[in-house]
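Worksheet for the structure shown next.
Just so it is clear, the structure is predicted and the values come from calculations on it, not from any experiment. We use all heavy atoms of the structure for the numbers below, so side chains are in, but hydrogens, waters and symmetry mates are not. Order of listing sets the numbers, starting from 1, for every ligand and every atom in it.
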Amino acid sequence: MIDVILKKGKEKAVLHRHPWVFSGAIEGVKGKPANGDIVRLVDSKGGFMAYGFYNDQSRVALRLLEWNENVEVNESWFREKVTVAVASRNSILVDGVTNTCRLIFSESDYLPGLIVDKYAGHLAVQVLTSGIENMMLVIIDELQQLLNPESIFDKSDASSRGHEGLETVNTALTLAHPPERVEVKENGITYNINIAEGQKSGFYCDQRDNRKIVASYAKGKKVLDCFSYTGGFTLNSLQNGAASVTSVDSSVLAIDTLKENIALNHLNGLQATAIVSDVNKQLRKFKDEGETFDIVVLDPPKYAPSRSALDKAARAYKDLNRMGMLLLNPGGLLATFSCSGAMNMETFKQVLAWAALDAGKQVQFIHQFCQPEDHPVRSSFPEGEYLKGLLCRVF
Ligand code: SAH
């Protein structure tokens with residue numbers, strides 16, 4: 001196995017079991033590993049530190065896997081990690097209630113670059129590192145043995161693949177192609193999923209718990225669900241007896257699916273209005289028309305893809321939330337989210353405080369939202385934490 005030598009003074013993060021080693025922290029390489037090979041990371045005196053995937057195309061040149069020198073990182077090592085991750089989701093998957101979740105969440109499940117989502121009997125995978133790509137035959141075999149899925153679809157069209165010098169993929173990995181429509185259940189609500197065409201891997205299962213919490217306030221209320229996608233917050237609110245729900249998303253496909261989902265769940269379509277529009281424009285329109293709501297949900301896409309984009313993103317979050325607050329009846333609830341990893345909870349609260357000042361409103365934070373247990377945050381990898389939200393009472 002090839003040795004990669006770490007620069008002196010760069011040991012701390014590795015010793016703390018952070019799984020990334022940036023190219024700038026590498027002193028040299030004894031040999032010529034291919035991208036995706038497993039190498040030994042050694043300190044400047046040649047002492048073993050960890051095993052990891054190598055990739056000289058990526059800013060993250062090493063993705064560390066194992067810190068125990070005596071443990072061989074072989075096929076069974078990967079099979080075990082897959083097995084443990086899949087088993088740890090058992091409590092989420094309840095017959096007749098929930099049959100969709102994230103089974104493997106990359107670094108947070110000790111498999112850097114592998115994401116696996118379950119959609120009823122189908123799986124969608126994203127392969128974001130060359131190291132995982134090399135192990136895919138073993139990983140797929142293990143998934144097949146564990147779950148016997150009807151199909152496994154590769155949704156690796158994420159831009160991060162480019163950083164590893166990998167091509168974009170969007171194909172079935174098993175003989176069977178997933179059907180155009182797959183019906184899944186989450187907290188007893190049925191959703192149509194288009195695995196091949198949908199956003200991300202087809203469904204935002206990271207909001208499962210938060211949809212339920214928001215909906216618990218919805219009985220008899222007038223709800224506005226912004227960035228609704230296929231209706232996660234909308235359907236839960238209708239199910240919980242909302243007086244009306246207005247859903248806004250810029251994607252025609254998302255809104256069409258949302259309407260299908262309302263019918264699929266036999267919910268009252270008369271209480272639902274679905275609008276294809278830019279949220280910022282639509283909020284201004286509601287303001288001009290004097291429209292108000294009891295609950296406003298704001299679940300925008302990632303505004304800050306990196307730390308350097310944070311300032312600009314903070315302004316966008318502030319403007320969006322200010323508008324949301326202005327549309328609330330006194331004492332109404334704003335359920336607001338950020339899925340930008342670069343924006344932490346402290347900064348998000350600050351952004352909400354600015355928005356409240358600008359809107360001339362008083363805000364109480366009454367609940368903090370986070371990502372659910374199938375998107376675990378590994379203590380040595382804080383970068384895995386990305387989804388946060390606040391439930392605000394607005395006066
Ligand atoms: N709340 C959803 C997930 C939202 S994902 C759920 O529970 O499933 C973000 C959504 O924002 C996507 O559906 C995307 O189409 C939409 N979107 C992105 N930019 C938008 C904009 N400017 N106006 C309206 N919708 C937008």
Give the ring-plane orientation class for Phe286 versus Phe293, where under 30° counts as parallel, over 60° as perpendicular and anything between as tilted.
perpendicular
Please confirm whether Asp278 comes under 4.0 Å of ligand 1, counting heavy atoms of the residue only.
yes
Indicate the ring-plane relationship of His375 and Tyr386, choosing parallel, tilted or perpendicular according to the 30° and 60° boundaries.
tilted
Is it true that a side-chain atom of Ser380 and a backbone atom of His16 form a donor plus acceptor pair closer than 3.5 Å?
no
Does an N or O from Asp249, backbone or side chain, lie closer than 3.5 Å to an N or O of ligand 1?
yes
Crowded around Lys185 NZ? As in, over 12 foreign heavy atoms under 6.0 Å?
yes
Residues Phe153, Tyr119; criterion ring-ring contact (aromatic ring centres under 6.0 Å, His included); working and verdict:
CA-CA 11 Å; Phe153 192 74; Tyr119 295 110; over 10 Å; no
Backbone, side chain, both or neither: what part of Phe227 comes under 4.0 angstrom of ligand 1, heavy atoms only?
both
Of Leu298, Val248, Asp299, Asn280, the residue with the heavy atom nearest atom 1 (N) of ligand 1 is Asp299
Honestly, for Ala254 the part within reach of ligand 1 (heavy atoms, under 4.0 Å) is neither
Within ligand 1, which atoms have a heavy atom of Ser251 less than 4.0 Å away?
15 (O)
Determine, considering heavy atoms only, which of Arg211, Arg208, Glu186 sits nearest to atom 6 (C) of ligand 1.
Arg211
Nearest 0.5 Å please: distance from the OG1 atom of Thr234 over to the CG atom of Leu258.
5.0 Å
Got an N/O contact under 3.5 Å between Ser250 and ligand 1?
yes
Considering only heavy atoms, does Ser277 approach ligand 1 within less than 4.0 Å through its side chain, its backbone, both, or neither?
backbone
Counting only heavy atoms not in Glu80 (residues, nucleotides, ligands), do more than 12 fall under 6.0 Å from its CD?
no
Do any nitrogen or oxygen atoms of Val279 lie less than 3.5 angstrom from nitrogen or oxygen atoms of ligand 1?
yes
